[in-house]
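In listed order, ligands and their atoms are each counted from 1.
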Amino acid sequence: MMTAKEYEASLRKLKLKVYMFGKRIENVVDDPIIRPSMNAVALTYGLAQNSDYKHIMTATSHLTGKTINRFCHIHQSTEDLVKKTDMGRLMGSMTGACFQRCVGMDALNALSITTFDMDVQYGTEYNKRFLKYLEYVQEKDLTCDGAMTDPKGDRSLAPHQQPDRDMYLHVVREDENGIVVRGAKAHQTGAVNSHEIIVMPTVSMREADRDFALSFALPSDSEGIVYIMGRQSCDTRKLEKGRIDCGNSFFGGHEALVVFDNVFVPWNRVFMYKEYEFAGRLVEQFASYHRQSYACKSGVGDVLIGAAQTIAEFNGVAKASHIRDKIIEMTHLNETLYAGSVACACKGEKQPCGTFLVHPLLANVCKQNVTRLPFEIARLAQDIAGGLMVTLPSDEDFNSPEVGAWLDKYFKGHASVSTRDRRRILRLIENICLGTAAVGYLTESMHGAGSPQAQRIMIARQSDIGKKQALAKKLCGITGKSKV
Ligand code: SF4
Ligand code: FE
């Protein structure tokens with residue numbers, strides 16, 4: 001396994017083509033806006049070397065028997081799945097941000113299932129290729145970016161109907177060496193902190209969409225791949241002198257648009273090629289895994305609840321009964337998020353290939369809760385914090401010889417607490433609810449791993465409503481088939 005330092009060094013060797021604010025970024029690792037997101041991924045390496053966390057952060061490879069980072073592991077039991085949930089919560093609580101590496105883990109696990117099932121149906125050799133690739137990823141301890149979301153253009157049209165075919169990533173040509181692909185993947189979490197990019201289709205497909213039913217993996221700095229960084233609320237605070245206004249200057253996340261401008265993929269890295277019947281299944285399996293991964297938000301919730309309690313103490317209101325009740329409510333909501341992720345892990349089942357898949361219905365219920373409860377937790381945190389969270393003057397003003405003393409005097413809370421520490425905790429709450437980390441805590445909770453409606457479709461499909469009706473009818477004595 002790599003150490004955090006080795007991970008950072010490995011990123012320096014990549015020749016990524018990254019753009020931000022209209023300019024090419026030459027030194028991605030040290031860029032002050034990107035750096036906190038790199039630190040968050042680096043912690044997935046750091047904690048795996050730490051004896052206190054090894055039992056969660058590492059696993060035994062089912063391919064080689066070696067100890068590997070859990071982010072590269074294929075789940076072999078429900079215990080593995082529960083540990084994955086706990087790893088997400090742990091990482092979220094240590095970073096207060098999105099640590100990005102789950103997307104690749106979920107892509108690897110989903111592909112372990114789909115490649116096997118495709119081979120059974122078509123006599124192909126995708127699973128063999130995939131396992132070879134997996135061994136390479138595990139051996140080198142790589143971070144993979146799982147790339148699913150196509151830009152999608154006009155949402156009412158299937159991939160092949162789009163006026164611009166590039167709205168869905170597709171094959172342009174093939175020869176005996178491999179394929180050439182074109183298109184883009186949007187909102188790619190952790191893209192420029194990854195060694196590899198694993199592409200999957202984003203929707204179910206019919207025969208006319210064959211050219212879009214693709215899955216493959218490439219080194220992230222392959223010729224023709226271009227990254228354009230998404231910006232976040234308050235991102236340029238990271239360029240300022242003072243660090244307090246960042247709220248959390250250590251960790252963060254990032255998303256990027258990844259453009260594939262006629263990129264070559266060798267055959268040994270192609271894991272699905274025009275098997276359109278399996279596109280939907282791969283999407284569903286990946287989505288189920290990734291919906292479980294949102295235990296990360298209960299970890300960020302731990303930080304926010306801790307911050308809310310702290311500002312209540314700093315303001316001298318911690319003993320008020322309504323504040324206590326709000327902290328209890330935040331805790332209840334946060335544990336509900338965690339419970340959903342644990343439940344779908346415990347109820348996971350072994351697939352024909354040997355991989356354990358989470359319970360799909362419970363995973364979708366878990367993520368549906370994630371689209372709502374963090375917003376309520378954030379609302380309560382802002383209620384407790386008070387308006388000062390967004391009316392505080394800048395760090396520079398506090399350091400000003402002319403007005404700094406007034407600010408220090410008038411923004412004092414409890415006598416035992418410095419105004420500086422009061423500012424720190426307020427800025428952290430601002431960061432999670434409204435700043436750079438709000439992308440990860442709130443918007444990603446809403447849209448990451450699929451927007452709320454995507455889960456509702458899956459919940460409807462799996463709810464077995466007919467069985468529920470039969471139960472009700474039996475109890476009240478309705479017999480025979482109704483005509484409605
Ligand atoms: Fe992982 Fe959560 Fe970030 Fe998704 S939002 S990549 S599950 S930390
Ligand atoms: Fe996500």
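Inspection of the Asn431 and Thr436 side chains reveals an N or O donor paired with an N or O acceptor under 3.5 Å. Residues Tyr45 and Thr143 bring a donor and an acceptor atom of their side chains to less than 3.5 Å of each other.
Salt-bridge annotation for Arg291 and Glu284: absent, with no side-chain N of the basic residue lying under 4.0 Å from a carboxylate O of the acidic one.
Less than 4.0 angstrom separates some heavy atom of Cys296 from each of these atoms of ligand 1: 2 (Fe), 5 (S), 7 (S), 8 (S). Near Ser293, the atoms of ligand 1 lying under 4.0 angstrom from a non-hydrogen atom of the residue are 7 (S). Distances below 4.0 Å separate heavy atoms of His290 from the following atoms of ligand 1: 4 (Fe), 7 (S). Every atom of ligand 1 with a heavy atom of Val103 under 4.0 Å away is listed here by number and element: 6 (S).
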Worksheet entry | Steps toward side chain to side chain contact (heavy atoms under 4.5 Å, CB included) verdict (Asn109, Phe356) | CA-CA 9 Å; Asn109 275 273; Phe356 272 69; over 6 Å; no
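Checked against Asp106 for a side chain to side chain donor-acceptor pair (under 3.5 Å), the options Arg101, Gln285, Lys84 give a single hit: Lys84.
Between Ala147 and Gln188, the closest heavy-atom pair is CA-OE1, 3.0 Å.
Heavy atoms of Glu444 found under 4.0 angstrom from ligand 1 belong exclusively to the side chain.
The nearest N, O or S atom of Cys98 is closer to atom 3 (Fe) of ligand 1 than 2.8 Å.
Under a 4.0 angstrom heavy-atom cut-off, Lys297 registers as being in contact with ligand 1.
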